[in-house]
Amino acid sequence: MVTVGARTDEIAGERRRLINVAYRLLGSVTEAEDAVQDAYARWYGLSRSRQEEILSPGAWLTTVTSRICLDLLGSARARRERYVGAWLPEPLPDRTEWDHAGGADATGPADPADQIVLDESVAMAFLVVLESMTPAERVAFVLHDVFRYPFAEVAGILGRTPAACKQLAASARRRVSVARAAVPATGRADVVRHVKEAWETKDIAALVGLLDPAAVMTADGGGMAGTVLRPVEGGARIAQYMVAIADKAPGLELLERSVNGVPGLVAQRAGVVMTVAAFDVSDGRVTRIWAVRNPEKLRPWARED
């Protein structure tokens with residue numbers, strides 16, 4: 001017989017996995033935390049007898065969290081249409097490199113960003129592709145291909161047959177195949193380092209050489225930080241834009257940092273993070289740059305002095 005205390009510990013222990021599921025489904029640390037908190041609130045809102053009837057609280061919490069995320073994804077398109085400029089997922093720091101404001105201590109819970117496992121399924125290129133999926137495709141793919149939930153369980157969450165969920169995941173898989181092109185971490189780091197050096201010296205020719213001619217840069221300011229509202233296309237145009245930024249922002253310091261588990265750059269001024277940039281690299285050149293400037297999405301990057 002499972003004691004009340006043991007079951008309480010079991011339920012609390014599910015939070016890390018639920019945060020990981022919700023972040024991949026939503027692309028937002030804040031929304032992921034809210035979804036998980038909502039799921040826990042619903043659990044604790046059940047009567048004791050109803051809780052005891054549930055054989056696997058973890059499975060129940062996963063189902064509820066996933067359905068909450070599904071509802072949020074369904075309304076995301078309307079919210080994106082009201083968003084100022086391009087919407088990008090929230091970038092994640094490597095917790096070994098940063099001290100998060102509000103992070104874990106002896107008396108408080110861990111920051112949700114600290115609990116997310118950094119692997120290829122949270123790389124910015126991967127998350128951006130997930131954004132192109134329908135809500136049902138995203139849930140089916142993330143739960144089955146990333147977290148290995150059987151289609152029978154996914155079907156219960158989506159309210160569809162296992163065969164239909166298998167088709168949804170297959171459709172999503174075709175979309176992400178291009179985002180899985182493996183580039184060794186060292187190769188990525190070298191390219192990003194050279195970009196940093198060329199950016200710091202305002203060397204347009206060097207930047208053009210490091211950028212694919214068809215490269216695209218997308219920036220997310222959310223109307224709260226100045227940036228281009230439309231993607232900048234073409235290596236030469238991106239290089240010119242980057243140098244123009246450097247000219248307008250004296251005192252900006254560029255740092256090489258892990259962004260969603262892969263090499264990226266952080267721009268800060270007077271110790272305050274202003275921009276987090278993620279890169280996609282192919283054949284030794286940068287093909288995509290995602291620059292997040294919305295301060296609400298940079299909260300996990302705040303440092304304690």
- Are M274 and F279 connected, step by step, through hydrophobic side chains (Ile, Leu, Val, Met, Phe, Trp, Tyr) whose heavy atoms are closer than 4.5 Å? no
- Only counting residues at least two apart or in another chain, list the ones meeting side chain to side chain contact (heavy atoms under 4.5 Å, CB included) with E253. L255, Q268
- Query: Can you name the residues that form a ring pair (Phe, Tyr, Trp, His ring centres under 6.0 Å) with W60, not counting sequence neighbours?
  - Reply: W43
- Message: Looking at every non-hydrogen atom in both residues, tell me the closest pair between A155 and P162 and how far apart they are.
- Response: CB-N, 3.7 Å
- Check step by step if side chain to side chain contact (heavy atoms under 4.5 Å, CB included) holds for F126 and N260. CA-CA 10 Å; F126 194 88; N260 287 60; over 6 Å; no
- Query: Quick one: does S132's side chain have a donor or acceptor within less than 3.5 Å of a partner on V129's backbone?
  - Reply: yes
- Exactly one candidate in R160, M133, H144 meets side chain to side chain contact (heavy atoms under 4.5 Å, CB included) with L168; the answer is R160
- If we only count heavy atoms from C-beta on, is the P91 to M124 side-chain gap below 4.5 Å? yes
- Qualifying residues under salt bridge (Lys or Arg N to Asp or Glu O under 4.0 Å), relative to D71, sequence neighbours excluded: none
- Task: Might you point out which heavy atoms bring S121 and V146 nearest each other, and give the distance in Å?
- Result: OG-CG1, 3.7 Å
- Message: Taking T134's backbone N and O only, do any of them form a donor-acceptor pair with E137's side chain (distance below 3.5 Å, no angle check)?
- Response: yes
- Please list, chain by chain and in numerical order, all residues satisfying side chain to side chain donor-acceptor pair (under 3.5 Å) with S75, sequence neighbours excluded. none
- Listed partners of Y149 passing ring pair (Phe, Tyr, Trp, His ring centres under 6.0 Å), at least two apart: none
- Message: Does I157 form a side chain to side chain contact (heavy atoms under 4.5 Å, CB included) with L143? I'd like the steps, not just the answer.
- Response: CA-CA 10 Å; I157 292 169; L143 290 181; 3.5 Å; yes
- Task: Could you pull out the closest heavy-atom pair between L61 and A39, with the gap in Å?
- Result: CD2-O, 3.8 Å
- Task: Report the residues that fulfil salt bridge (Lys or Arg N to Asp or Glu O under 4.0 Å) with E131, sequence neighbours left out, ordered by chain and then residue number.
- Result: R80, R138
- Message: Show me the pairs that pass side-chain hydrogen bond (donor to acceptor under 3.5 Å, both in side chains) and involve residues 206-220, at least two apart or across chains.
- Response: Y83-D220, T218-R288, D220-K297
- Short N-O contact, R24 and D145, less than 4.0 angstrom: no
- Task: Starting at OH of Y23, measure out to CD of E33 and round the result to the nearest 0.5 Å.
- Result: 14.0 Å
- Flag the pair E197 / T201 as yes when at least one side-chain heavy-atom distance between them is below 4.5 Å, and no otherwise. no
- Query: If we only count heavy atoms from C-beta on, is the T62 to F147 side-chain gap below 4.5 Å?
  - Reply: no
- Task: Specify the closest pair of heavy atoms between A219 and L88, including all atoms of both residues, with the distance to one decimal.
- Result: C-CD1, 4.4 Å
- Message: Could you report the tightest heavy-atom contact between A198 and L210, atom names first, then the distance?
- Response: CB-CD1, 4.3 Å
- Report the residues that fulfil side chain to side chain donor-acceptor pair (under 3.5 Å) with S28, sequence neighbours left out, ordered by chain and then residue number. E90
- Is a side-chain N or O of S171 found less than 3.5 angstrom from the main chain of Q167, in a donor-acceptor match? no
- Task: Identify the heavy atoms of L26 and A32 that sit nearest to each other, and give their distance.
- Result: CD1-N, 3.9 Å
- K196 NZ: over 12 foreign heavy atoms closer than 6.0 Å: yes
- Task: Report yes if some heavy atom in the side chain of I54 is under 4.5 Å from a heavy atom in the side chain of L46; otherwise report no.
- Result: yes
- Common cluster, V292/M224, ILVMFWY with side-chain heavy-atom separation under 4.5 Å: no
- Pairs touching residues 53-69 that satisfy salt bridge (charged side-chain N to carboxylate O under 4.0 Å, His left out), sequence neighbours left out: R50-E53
- Message: Could you measure the distance from the CG atom of L18 to the CD1 atom of I11? Nearest 0.5 Å is fine.
- Response: 11.0 Å
- Message: For a 4.5 angstrom cut-off between non-hydrogen side-chain atoms, does W199 reach L265?
- Response: yes
- Contacts of type salt bridge (Lys or Arg N to Asp or Glu O under 4.0 Å), residue R17, not counting sequence neighbours: E14
- Donor-acceptor pair, T287 side chain versus D280 backbone, under 3.5 Å? yes
- Are W87 and L73 grouped together when hydrophobic residues (ILVMFWY) are joined by side-chain heavy atoms under 4.5 angstrom apart? no
- Message: Any side-chain to backbone donor/acceptor pair from N20 onto V117? Under 3.5 Å, distance only.
- Response: yes
- Query: Does a side-chain heavy-atom distance below 4.5 Å link P135 with L25?
  - Reply: no
- Message: If hydrophobic clusters are built by linking Ile, Leu, Val, Met, Phe, Trp and Tyr wherever their side-chain heavy atoms come under 4.5 Å apart, do V139 and F151 end up in the same one?
- Response: no
- Applying salt bridge (Lys or Arg N to Asp or Glu O under 4.0 Å), name anything that partners D38, two or more places apart in sequence or on another chain. R42
When the side chains of residues 225-249 are checked against the rest of the protein, which donor-acceptor pairs come out under 3.5 Å, sequence neighbours left out?
{"residue": "D247", "atom": "OD1", "partner": "K202", "partner atom": "NZ", "Å": "2.8"}

- d(L252 CG, R269 CZ) to nearest 0.5 Å is 6.0 Å
- Message: Taking atom CZ as the centre, does R16 end up with more than 12 heavy-atom neighbours from other residues, nucleotides or ligands that are less than 6.0 angstrom away?
- Response: yes
- Message: Can a donor-acceptor pair be found, under 3.5 Å and without considering hydrogens, that links the side chain of R175 to the backbone of L130?
- Response: no
- Item | Hydrophobic cluster identity match, W301 and V262, side-chain contacts under 4.5 Å | no
- Message: So V128 and P89, do their side chains get closer than 4.5 Å, heavy atoms only?
- Response: yes
